[in-house]
Amino acid sequence: MTPEDQEETQPLLRPPGGSAPRSRRVFLAAFAAALGPLSFGFALGYSSPAIPSLRRAAPPAPRLDAAAASWFGAIVTLGAAAGGVLGGWLVDLAGRKLSLLLCTVPFVTGFAVITAAQNVWMLLGGRLLTGLACGIASLVAPVYISEIAYPEVRGLLGSCVQLMVVIGILLAYLAGWVLEWRWLAVLGCVPPSFMLLLMCCMPETPRFLLTQHKRQEAMAAMQFLWGSEQGWEEPPVRAEHQGFRLVQLRRPGIYKPFIIGVSLMAFQQLSGINAVMFYAESIFEEAKFKDSSLASVVVGVIQVLFTAIAALVMDRAGRRLLLALSGVVMVFSTSAFGAYFKLTQDGPSNSSHVDLLTPVSMEPTDASVGLAWLAVGSMCLFIAGFAVGWGPIPWLLMSEIFPLHVKGVATGVCVLTNWLMAFLVTKEFSSLMEVLRPYGAFWLASAFCIFSVLFTLACVPETKGKTLEQITAHFEGR
C-alpha cells in the first residue's frame with residue numbers, strides 16, 4: 001500500500017465527535033443541483049407529446065415523417081452519450097458547480113432552437129443539444145449531491161436525482177396535453193434557467209476544493225452546507241492530483257468499482273424498461289381505456305410515487321436490499337408480460353404481435369380484455385419495481401463508489417455506457433421483436449433481471465451510512 005493510498009482512504013471531512021451536522025442548507029444545494037435532472041427528465045419526456053403534434057403540423061411548420069420521428073426521439077441518447085464523455089472531463093477540470101452551470105447553456109440553447117425551428121434539421125439539432133446537456137447533468141448532479149451530503153442523508157438526496165428525472169418526464173406529459181410543441185419547448189427553458197440562478201448562490205463541493213488545495217474555501221463551503229467548520233480535518237490530497245492512468249486499473253480500489261458501475265448501467269437498460277414503455281399505450285387500448293394517452297400519465301405517476309418511496313427508505317433499507325427486491329419484482333412482471341403476449345398470440349383473434357400495435361376495430365371479448373388487464377397489472381408492477389431500485393440506485397452508486405482522483409473518468413464511462421445501451425436498445429427493439437417475438441423478448445428481459453439480482457447479491461457492496469472514503473477503503477480491502 002502506497003502512502004498516497006493511505007491518504008486517500010482517510011476521511012477528507014469528518015464531523016467532531018462523530019455527530020452528524022444538521023444544517024438544512026445542504027437540502028437547498030441538493031435541490032438546486034437536482035434541477036439539472038428535472039431539465040433532463042423534461043427533455044426526455046418532451047418527445048412523447050411533441051411527436052404527434054409535429055407529425056400533424058401543416059406548412060410552413062416543420063413536419064416529421066416516420067423516420068424523422070424515430071430520430072427525433074432517439075438522437076437525444078446520442079447527444080447524452082457525448083455529454084457523458086464531456087461531463088467526465090468537465091467535472092474534474094472545471095469542478096462540479098461550474099459544470100452544472102455550463103450544462104444550462106445547451107439546455108436553453110437546444111430548446112430555443114426547437115422553438116425557432118423552420119425545418120427538420122433544426123429540430124434534430126435542438127434535440128442533440130438538449131441530449132448533450134442531459135448527459136452532462138446525469139453525470140455531474142449525482143456527483144455534486146453525493147459530495148455535499150453527509151452519510152445519514154446521502155441516500156435520500158442521491159435518490160432525488162432520479163425522482164426529479166421522473167417528475168420532469170411527468171411534467172412534459174401533463175404540459176403536452178395543453179401546449180403545442182413550440183410552447184412546450186419554451187417551457188423546457190424554465191427549469192435550467194432556474195437552476196442557473198440558484199446554483200450561482202451555492203458553493204463548490206468541499207471535496208473538490210480540497211483537491212485544489214483551497215482549504216479556506218472548503219471550510220466556508222462546509223460552514224454553509226453543514227452548519228459547522230469546527231473540528232473538521234482533512235489529510236493531504238496529493239493523490240487526487242495524479243489523475244487517472246490505465247495502470248491504475250490493476251488496483252482493486254479502481255477496477256472493482258469500474259466493473260460494478262458499468263455493469264449496473266448495462267443491467268438497467270437491459271431490464272426491459274424501454275420495451276414496457278414502448279407498449280404502454282397499446283396495452284391501455286387493449287384494456288378498453290378510451291384515452292390511451294392516459295397511459296403516459298399513469299406510468300409517470302407510478303414512477304414518481306415509487307421513486308419517492310425509494311428515496312425515503314434508501315438510508316434505512318440500504319442499496320443492496322432495494323436493488324435485489326426491485327430485480328425480483330421485475331423478474332416476475334416481465335415473465336407475466338411474456339405470458340400475456342404468448343397467450344394473445346396463440347388466441348384466435350391475436351395471431352400475431354402486430355395486432356397489439358394496430359387500432360382495435362372490433363369490440364374485444366371479455367377474455368381478451370381480461371388478458372389486457374393482466375398486461376396492465378404486469379406493466380404497473382414492473383414500473384413500480386424499477387422505480388424502487390434499478391431506476392435510482394445505479395446513478396446513486398455511481399456517485400458513491402469511485403475515488404476522487406478517477407471520479408471524472410469513471411463516471412463518464414458509466415454514463416456513456418448507459419446512454420449507448422439506451423440508444424442501442426431503443427433502435428434495435430423492433431428487430432428483436434421480429435426475431436424473438438414479443439413474448440421471447442420479454443422472457444429474455446426476465447433472464448437479464450435474474451442476472452441483475454445475482455450480480456447484486458454477489459458483487460454490489462452496501463454503502464448506506466458510510467463516508468465516501470470508507471467506501472473507497474472497502475474496495476481496497478481495508
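Distance alone, capped at 3.5 Å, is enough to place a donor-acceptor pair between the Ser446 side chain and the Val331 backbone. For the pair Ser99 (side chain) and Leu90 (backbone), a donor-acceptor distance under 3.5 Å is present. For Arg63 (side chain) and Arg55 (main-chain N/O), a donor-acceptor pair under 3.5 Å exists by modelled atom type. Thr109 places no side-chain N or O within donor-acceptor distance of the main-chain N or O of Pro106, the cut-off being under 3.5 Å. When atom types are taken as modelled, the side chain of Thr130 and the backbone of Phe107 share no donor-acceptor pair closer than 3.5 angstrom. A donor-acceptor contact shorter than 3.5 Å links the side chain of Tyr46 to the backbone of Trp181. Proximity of a side-chain donor or acceptor of Lys464 to a complementary backbone N or O of Gly155 within less than 3.5 Å is not detected. Listed for the Ser263 side chain is no donor-acceptor partner under 3.5 Å among the backbone atoms of Ile260. Looking at Glu147, its side chain never comes within 3.5 Å of a backbone N or O of Pro206 through a donor-acceptor pair. In this structure, Arg96 contributes its side chain and Ile145 its backbone to no donor-acceptor pair below 3.5 Å.
Between Phe442 and Phe341, the two ring planes are parallel [angle under 30°; tilted spans 30° to 60°]. Between Phe194 and Phe31, the ring planes are perpendicular. Angles over 60° get that label, and only those under 30° would be called parallel.
Residues Lys407 and Ser146 have side chains in contact (heavy-atom distance under 4.5 Å, counting atoms from C-beta outward). Annotation: side chain of Val166 is not in contact with side chain of Leu170 (no heavy-atom distance under 4.5 Å). Between Ile136 and Leu102 there is no side-chain heavy-atom pair separated by less than 4.5 Å. In this structure, Val328 and Phe332 have side chains that are in contact, with non-hydrogen atoms separated by less than 4.5 Å. By the 4.5 Å heavy-atom criterion applied to side chains, Leu270 and Met421 are counted as neighbours. Side chains of Met379 and Ile383 form a contact here, defined as non-hydrogen atoms less than 4.5 Å apart. Here the side chains of Val108 and Ser193 are in contact, with some heavy-atom distance below 4.5 Å. With contacts defined as side-chain heavy-atom distances shorter than 4.5 Å, the pair Met398/Val415 qualifies.
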Check: side chain to side chain contact (heavy atoms under 4.5 Å, CB included) between Gln268 and Asn418: does it pass, once the steps are laid out?
Finding: CA-CA 8 Å; Gln268 184 191 63; Asn418 186 282; 2.6 Å; yes
Next item on the list: Go through the steps to decide whether Leu128 and Leu132 satisfy the test side chain to side chain contact (heavy atoms under 4.5 Å, CB included), and finish with yes or no.
Entry: CA-CA 6 Å; Leu128 190 64; Leu132 183 74; over 6 Å; no
Next item on the list: Determine, stepwise, if the pair Leu436 / Trp443 fulfils side chain to side chain contact (heavy atoms under 4.5 Å, CB included).
Entry: CA-CA 10 Å; Leu436 298 179; Trp443 286 341; over 6 Å; no
Check: After noting the C-alpha distance and the side-chain angles of Leu28 and Met202, does the key distance pass the side chain to side chain contact (heavy atoms under 4.5 Å, CB included) rule?
Finding: CA-CA 9 Å; Leu28 176 62; Met202 299 299 117; 3.8 Å; yes
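The two atoms that bring Ala29 and Leu225 nearest to each other are CB-CD2, 3.7 Å, heavy atoms only. Across all their heavy atoms, Ala387 and Pro392 have their closest contact at O-CD, 3.1 Å. The shortest heavy-atom contact between Ala68 and Val120 is CB-CG1, 4.1 Å.
Under the side chain to side chain donor-acceptor pair (under 3.5 Å) criterion, the residue pairs touching residues 387-403 are Arg154-Glu400, Arg319-Glu400, Glu400-Thr463, with sequence neighbours excluded.
Taking the centre and axis of the six-membered ring of Phe72, the NZ or CZ atom of Arg127 falls inside the cone set by 45° and 6.0 Å.
From Ile401, atom CD1 reaches atom CG of Leu396 across 10.0 Å, with rounding to the nearest 0.5 Å. If you take CG on Leu325 and CZ on Arg320, they are separated by 13.5 Å, rounding to the nearest 0.5 Å. The distance from the CZ atom of Arg316 to the CG atom of Leu322 is 12.5 Å, given to the nearest 0.5 Å. Atom CE of residue Met265 and atom CG of residue Leu416 lie 11.0 Å apart, to the nearest 0.5 angstrom. Interatomic distance, Cys449 SG to Phe382 CZ, rounded to the nearest 0.5 Å: 5.5 Å. Note that OG of Ser53 is 9.0 Å distant from CG of Leu184, once rounded to the nearest 0.5 Å.
Between Phe455 and Phe267, the ring centre distance stays below 6.0 Å. Taking the six-membered ring for Trp and the full ring otherwise, the centers of Tyr340 and Tyr439 sit at least 6.0 Å from each other.
For the side chain to side chain contact (heavy atoms under 4.5 Å, CB included) with Leu38, the qualifying choice from Leu171, Leu163, Val190, Val161 is Leu171, the only one to do so.
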